[in-house]
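A short write-up of the structure that comes next.
All chains are named by letter (A, B, ...) in the order of the sequence lines, taking the proteins before the strands, and each is independently numbered beginning at 1.
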Amino acid sequence: MSPPPLPRAFFERSPLDVAPDLIGTLLCRRTPDGELLAVQIVETEAYLGPQDRASHARAGSTARTAPMFGAAGHAYVYRLYGMHWAFNVVARTPEQAAGAVLVRAGLPVAGAERQRARRGRPHDAEARLASGPGRLCQALAITGADSGRDLTGSASLWIEAGPGGTRGDLLVGPRVNVGYAEAWAALPYRFGLAGSPALSRPFAGPTPIDPAESIPGGHHPR
DNA sequence: TGATTGATGTACT
DNA sequence: GTACATCAATCAC
């Protein structure tokens, strides 16, 4: 028995609320041959709508970014640097034009050996198999064919609550490799599970923070 | 019609 | 620490 997929309402909130709440949840994949692959999500980034200079939504809706402008709880998958895939969940309120949460890293919790085989690196530690947006997609066999998929009603790709319901201490910092986004590059829209060995890279600055505290940096658009 | 640019990962020094 | 693979989207003519 496993818990049901996270419901639509979970994703019908600001990406700034959904991104930290996804830390500790399970991203699950049922392959065509029936095998279960899953990771515990340990790192996410929030991307807002067209006003966010770091978001692909900044150019408005295109064939690629259309899922971000559609219903919350769907996948947005795109090709990165011409050779990797990156997986997002659409997160937005009815008032927000677009929004998404990039899943940057996870720790394998089911089908680890199959994930290692998919990565093609037999000697990599488990914590390394999905410790980056491209690695995570390769380990879980996520491709552009999954873009637009409804994660709340799919038998092949979904997100469910993590075991125990404990999220652990959160790390917060600026998003990775968005230096072109001017003032938006410095905002603390990246979230990580403190102490996880599967983070894609370290968080700088004072860590961890108390999850109960508000996000540092003042007032943010939600 | 052509040039630039990335929400990266790997190999190598 | 640096080099580089590789391509759709976007932007500059």
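- A distance of 7.0 Å separates CD in A:Glu113 from CD in A:Glu126, rounded to the nearest 0.5 Å.
- A ring pair (Phe, Tyr, Trp, His ring centres under 6.0 Å) check over residues 26-63 of chain A, counting only residues at least two apart or in different chains, returns the pairs A:His56-A:Tyr78.
- If you walk DNA chain C from 5' to 3' and mark each nucleotide with an atom closer than 4.0 Å to a heavy atom of chain A, the marks span C:dA5 to C:dT10.
- Residues satisfying the side-chain hydrogen bond (donor to acceptor under 3.5 Å, both in side chains) criterion with A:Thr31, sequence neighbours excluded, are A:Asp33.
- For residues 180-198 of chain A, the salt bridge (charged side-chain N to carboxylate O under 4.0 Å, His left out) pairs, not counting sequence neighbours, are A:Glu43-A:Arg190.
- In this structure, the side chain to side chain contact (heavy atoms under 4.5 Å, CB included) partners of A:Glu12, at least two apart in sequence or on a different chain, are A:Arg8, A:Ala72.
- Contact annotation for A:Thr65: no contact, since no heavy-atom pair falls under 4.0 Å across all strands.
- Taking the salt bridge (charged side-chain N to carboxylate O under 4.0 Å, His left out) definition, one finds that A:Arg175 meets it with A:Asp52, sequence neighbours left out.
- Considering only residues two or more places apart in sequence or on other chains, A:Arg121 meets the side-chain hydrogen bond (donor to acceptor under 3.5 Å, both in side chains) condition with A:Asp124.
- Under the rule for a side-chain hydrogen bond (donor to acceptor under 3.5 Å, both in side chains), A:Ser61 has no partner lying at least two apart in sequence or in another chain.
- Both key distances under 3.5 Å define a Watson-Crick or G-U pair, and stretches of 3 or more such consecutive pairs in DNA chain C run B:1-6 with C:7-12, B:8-12 with C:1-5.
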Can you check each nucleotide of nucleotides 6-13 of chain B against protein heavy atoms at under 4.0 Å and return B for base, S for sugar-phosphate only, - for none, in 5' to 3' order? BBBSSS--

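- Qualifying side-chain hydrogen bond (donor to acceptor under 3.5 Å, both in side chains) partners for A:Thr25, counting only residues two or more places apart in sequence or in other chains: none.
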Check: residues 79-91 of chain A side-chain donor-acceptor pairs under 3.5 Å, at least two apart:
unit_1  : atom_1 : unit_2  : atom_2 : d
A:Asn88 : ND2    : A:Tyr76 : O      : 3.1

